[in-house]
Novice: 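Below you will find the structure I want to go over with you.
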Amino acid sequence: MSYVIPAPIHPSVPVTGSVDTFPVHRIYCVGRNYVDHAKEMGHTGREAPFFFMKPSDAILPVPAGTTGALPYPAHTQDFQHEMELVVAIGKGGSDIGVDEALGHVWGYAAGLDMTRRDLQGEAKKLGRPWDTGKAFEQSAPIGPITPAAQAGDMGQAAITLHVNGAVRQSSTIDMLIWNVAETIADLSTYFTLPPGAVIYTGTPAGVAAVQRGDELVGAITGLDTLRVKVV
Ligand code: MN
């Protein structure tokens, strides 16, 4: 028996200091998980976060020391960056307790939840799904994944995004409304998390549009820097 069409290539992400790669199963994203970003999107900053997904082949892996080419997508005049800490799940499970959640983490990476904000805004207004705004190809750039033991405690890490050398987003991971352990625990009550799930944990304030030619540099303390150029 064989496949009737060529099987898709399985997306994977480089691992810091290794020739091995991390296979991506599902991409989960957390909405409004920093108070200052929730406020800039017109909310109080106290609502519970919520989840949406991107397909696994939306991942755009950018190896260390390189600059990824990020295509400017069709159907938007407002292509925005959201700089985020990404959590890579190594051990799956459901109903994972907050106390045990970090034991399910294989590693961490710097990521961008790229968004067609005009399409997302239209979908919000009409009560429609966000997929065209959020879940398009190459909408999830990611730097190399650093193993959790090597990354250390991410709780106090700084997170920044520069565009063409100017700072656009700057915060710390301890400003997350729901921290990494709480996010994994809550998400795992809705879904059985498989090994290979990656979670974009939400963005701080400062989201804004990019144009073709812009260079984005995303940095999180202790992790490889993510560099992409919009083409
Ligand atoms: Mn986001």
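What you are looking at is a predicted structure, and each value in this text was computed from that prediction instead of being measured. Atoms within each ligand, like the ligands themselves, are counted from 1 in listed order.
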Novice: Are K91 and E100 ion-paired here, with the side-chain N under 4.0 Å from a carboxylate O?
Specialist: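 No, K91 and E100 are not salt-bridged.
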Novice: Around the Mn ion (ligand 1), how many protein N, O or S atoms are found at less than 2.8 Å?
Specialist: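 Excluding waters, the total comes to 3.
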Novice: Which residue in the set L70, D214, V217, T66 passes side-chain contact (heavy atoms from CB on, under 4.5 Å) when paired with V228?
Specialist: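 Testing V228 for a side-chain contact (heavy atoms from CB on, under 4.5 Å) against L70, D214, V217, T66 leaves exactly one candidate, L70.
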Novice: What are the two closest heavy atoms between P144 and V15, and how far apart are they?
Specialist: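 Closest approach of P144 to V15: CB-C, 4.4 Å.
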Novice: Which of these passes ring-ring contact (aromatic ring centres under 6.0 Å, His included) with Y28: F51, Y190, F191?
Specialist: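 Among F51, Y190, F191, the one meeting ring-ring contact (aromatic ring centres under 6.0 Å, His included) with Y28 is F191.
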Novice: Using 4.0 Å as the upper bound for N to carboxylate O, is an ion pair formed by E122 and R116?
Specialist: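 Looking at R116 and E122, the cut-off is not met.
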Novice: M83 and side-chain contact (heavy atoms from CB on, under 4.5 Å): which partner among D113, T160, I159?
Specialist: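 Passing option: I159.
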